[in-house]
Enquirer: 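Before I ask anything, let me first share the structure, which is written out below as structure tokens.
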Amino acid sequence: MTGFSITRRRLHASALTLAGAAFFALSPVAQAAWPERPIQMIVPFPAGSSPDILARAIAEPLAADLGQPVVVDNKPGAGGNIGTRAASKAKPDGYTILLTINGPMVTAPTLYKKTLGYDPLKDLAPITLVGTSPNVLVVPQDFEAKNVQEFVSLAKSKPGELNYGTVGPGSSSHLGMAMLEHEAGISLQQIPYSGFPQIITSILNNDVQAGFMVPGIAMAQVKAGKARALAITSLEASDVLPGIPTMASQGYPGFESISWDAIFVPAGTPDDVVQRLNESITKILARDDVKQKMATLYFTPAPTTPEGLTELVVSEKKRWDEVINRLGLSLD
């Protein structure tokens, strides 16, 4: 064999080696498996809030399953819109996760048409629903109405005289009561407060006569015999709120106003990452310790497929848009 032939063969072999190296460097199989660094979980509410507690209950087992830390990052403000907007603008590389509630995903786009700064259905991709919790219609313990029918009858006899507390226009506490006003043909006076603790205090003092409240705040006073729960706002009885009848069972079929938390990622996040997160979080929500933690917040685990979560957002938005548009409500 001539020296030229040996050199040519060596050059050919080297070229094949380099080509192979380039192929494997570009091949998805050879790329570093996701995740290879810590993951940020944005929660658009303050530390100690229900979404924050749920996020931390999920973050630790998720980190163990993925093999990388999952760091909860609280970005509160504007009813959850600020943190949700931040997540929608993050790089879609699988290293930013959002755990948020229904408000920023469902009602905010209609309430803040000019200033929201993100489109939930275009800028965020669904992972899974985490859990649901009904709201509770609460009145003072000595209030003369003992059920929803009596509450409606009393309101009809005193149009515009009964007050109810909310955490602000456009909140679930406001829209739920607005829906009842419409369906029952009654007129009530809204009194906005800075938070649910202030509402329950006013109910106990008889400063307001009612409020649709999150059970995590309301039920301590109900169990203490200081307030009365007339109804819950899920369509079916709740395992975490046993013994409290639904609005639907008291003359208002179809009346539903639930709180839910769900997990999203920036739109464009790779499909394999979306599926991996969905599978992992679904397993986590089936754990007994996670179920118990959620039960203390009156939440029921309700994992879905990504497609199922999209369907929920679309259907909820359609339903609440009708209420918001009927009220002519805008918060821009």
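What you see is a predicted model, and the numbers here were worked out from it, not measured in a lab.
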Enquirer: Would you name the heavy atoms of Gly254 and Ala248 that are closest together and state the gap between them?
Expert: N-CB, 4.2 Å
Enquirer: Going hydrophobic residue to hydrophobic residue with side-chain gaps under 4.5 angstrom, can you get from Leu54 over to Val214?
Expert: no
Enquirer: Nearest 0.5 Å please: distance from the CG atom of Leu230 over to the NZ atom of Lys146.
Expert: 9.0 Å
Enquirer: Might you point out which heavy atoms bring Ser49 and Pro46 nearest each other, and give the distance in Å?
Expert: OG-O, 2.7 Å
Enquirer: When you measure from the side chain of Asn81 to the backbone of Ala78, do you find a donor-acceptor pair of N or O atoms at a distance under 3.5 Å?
Expert: yes
Enquirer: When you measure from the centre of the six-membered ring of Phe143, is the NZ or CZ of Arg228 under 6.0 Å away and within 45° of the axis?
Expert: no
Enquirer: Apply salt bridge (charged side-chain N to carboxylate O under 4.0 Å, His left out) to Asp93 and Arg37, showing your working.
Expert: CA-CA 11 Å; Asp93 55 6; Arg37 54 186 172 86; 3.1 Å; yes
Enquirer: Is Glu60 atom CD crowded by more than 12 heavy atoms from other residues, nucleotides or ligands, each under 6.0 Å away?
Expert: no
Enquirer: Should Ile281 and Val274 be regarded as members of a common hydrophobic cluster, given that ILVMFWY residues are connected when their side-chain heavy atoms come within less than 4.5 Å of each other, either directly or indirectly?
Expert: yes
Enquirer: For Ser173 and Gly165, which heavy atoms make the closest approach, and how far apart are they?
Expert: CB-O, 4.5 Å
Enquirer: Would you check if the side chain of Asn205 reaches a backbone N or O of Asp207 as a donor-acceptor pair within less than 3.5 Å?
Expert: no
Enquirer: Does a side-chain heavy-atom distance below 4.5 Å link Pro104 with Tyr118?
Expert: yes
Enquirer: Does the side chain of Tyr193 pick up a donor-acceptor pair with the side chain of Ser202 at under 3.5 Å?
Expert: yes
Enquirer: Establish whether Tyr164 and Met247 are linked, either directly or via other cluster members, by ILVMFWY side-chain heavy-atom contacts under 4.5 Å.
Expert: yes
Enquirer: One thing to verify: whether Lys75 and Asp73 come together as a salt bridge, which I'm taking to mean a side-chain N less than 4.0 angstrom from a carboxylate O.
Expert: yes
Enquirer: Do we see a donor-acceptor contact under 3.5 Å between the side chains of Asn74 and Asp52?
Expert: yes
Enquirer: Between Arg276 and Asp272, does any side-chain N to carboxylate O distance fall below 4.0 Å?
Expert: no
Enquirer: Grab the two heavy atoms, one from Arg287 and one from Pro61, that are nearest each other, plus how far apart they are.
Expert: NH1-CB, 3.2 Å
Enquirer: Leu98 versus Ile263: any side-chain heavy-atom pair under 4.5 Å?
Expert: no
Enquirer: For the CD atom on Glu236, are there more than 12 heavy atoms of other groups (residues, nucleotides or ligands in this structure) within a distance under 6.0 Å?
Expert: no
Enquirer: Are Ile97 and Leu62 close enough, and set up right, to give a side chain to side chain contact (heavy atoms under 4.5 Å, CB included), and what steps lead you there?
Expert: CA-CA 12 Å; Ile97 302 172; Leu62 181 61; 4.2 Å; yes
Enquirer: Give the C-alpha distance, both sets of side-chain angles, the deciding distance and a yes or no for side chain to side chain contact (heavy atoms under 4.5 Å, CB included) between Gln250 and Phe151.
Expert: CA-CA 11 Å; Gln250 298 185 71; Phe151 178 84; over 6 Å; no
Enquirer: Look at atom NZ of Lys226 and say whether more than 12 heavy atoms of other residues, nucleotides or ligands are closer to it than 6.0 Å.
Expert: no
Enquirer: Using side-chain contact (heavy atoms from CB on, under 4.5 Å) as the criterion, point out the one residue from Leu99, Val313, Asp123 that pairs with Phe264.
Expert: Val313
Enquirer: Treating Ile, Leu, Val, Met, Phe, Trp and Tyr as nodes and any side-chain heavy-atom pair under 4.5 angstrom as an edge, say whether Val70 and Met294 lie in one connected cluster.
Expert: yes
Enquirer: Can you measure from CD1 (Ile101) to OG1 (Thr107) and round to the nearest 0.5 angstrom?
Expert: 8.0 Å
Enquirer: Just by modelled atom types, is the Leu277 backbone N or O under 3.5 Å from a matching donor or acceptor in the Ser280 side chain?
Expert: no
Enquirer: If hydrophobic clusters are built from ILVMFWY residues whose side chains come within less than 4.5 Å, do Leu235 and Trp320 share one?
Expert: no
Enquirer: Taking the side chain as every heavy atom from C-beta outward, state whether Val138 and Ile200 have any pair of such atoms under 4.5 Å apart.
Expert: yes
Enquirer: Compare all side-chain heavy atoms of Pro245 with those of Ile232 and state whether any distance is below 4.5 angstrom.
Expert: no
Enquirer: Any side-chain heavy-atom pair from Thr233 and Phe212 closer than 4.5 angstrom?
Expert: yes
Enquirer: If you apply the rule side chain to side chain contact (heavy atoms under 4.5 Å, CB included), what do you find for Met105 with Trp260, and how did you get there?
Expert: CA-CA 11 Å; Met105 302 299 296; Trp260 50 258; 4.2 Å; yes
Enquirer: Just by modelled atom types, is the Val148 backbone N or O under 3.5 Å from a matching donor or acceptor in the Tyr252 side chain?
Expert: no
Enquirer: If you define the side chain from C-beta out and look only at heavy atoms, does anything of Thr96 sit under 4.5 Å from Val265?
Expert: no
Enquirer: Check this for me, if you would: do Lys113 and Asp332 make a salt bridge, where the nitrogen-to-carboxylate-oxygen distance has to be below 4.0 angstrom?
Expert: no
Enquirer: Looking only at non-hydrogen atoms, find the nearest pair between Lys317 and Pro109 and report the distance.
Expert: CE-CB, 3.9 Å
Enquirer: Are any of the side-chain heavy atoms of Ile324 and Leu111 separated by less than 4.5 Å?
Expert: yes
Enquirer: Take Glu150 and Leu154 through the side chain to side chain contact (heavy atoms under 4.5 Å, CB included) test and state the conclusion after the steps.
Expert: CA-CA 6 Å; Glu150 292 180 4; Leu154 182 63; over 6 Å; no
Enquirer: Atom CG in Asn278, atom OG1 in Thr304: separation rounded to 0.5 Å?
Expert: 7.0 Å
Enquirer: How many angstroms lie between OG in Ser172 and CE in Met213, if you round to the nearest 0.5 Å?
Expert: 10.5 Å
Enquirer: In a table with atom names and distances, give each donor-acceptor pair under 3.5 Å that connects a side chain of residues 174-189 to protein atoms at least two apart or in another chain.
Expert:
residue : atom : partner : partner atom : Å
His174  : ND1  : Gly170  : N            : 2.9
Glu181  : OE2  : Leu188  : N            : 2.7
His182  : ND1  : Arg326  : NE           : 3.3

Enquirer: List the atom of Pro303, the atom of Thr282, and the distance in Å for their closest heavy-atom pair.
Expert: CB-OG1, 4.0 Å
Enquirer: Report the distance from atom OG1 of Thr128 to atom CG of Leu285, rounding to the nearest 0.5 Å.
Expert: 6.5 Å
Enquirer: Check whether any side-chain heavy atom of Val167 sits under 4.5 Å from a side-chain heavy atom of Ile199, and report yes or no.
Expert: yes
Enquirer: For Asp142, does the CG atom sit with more than 12 other heavy atoms under 6.0 Å from it, leaving out its own atoms?
Expert: yes
Enquirer: Report the distance from atom CG of Leu241 to atom OG of Ser133, rounding to the nearest 0.5 Å.
Expert: 6.5 Å
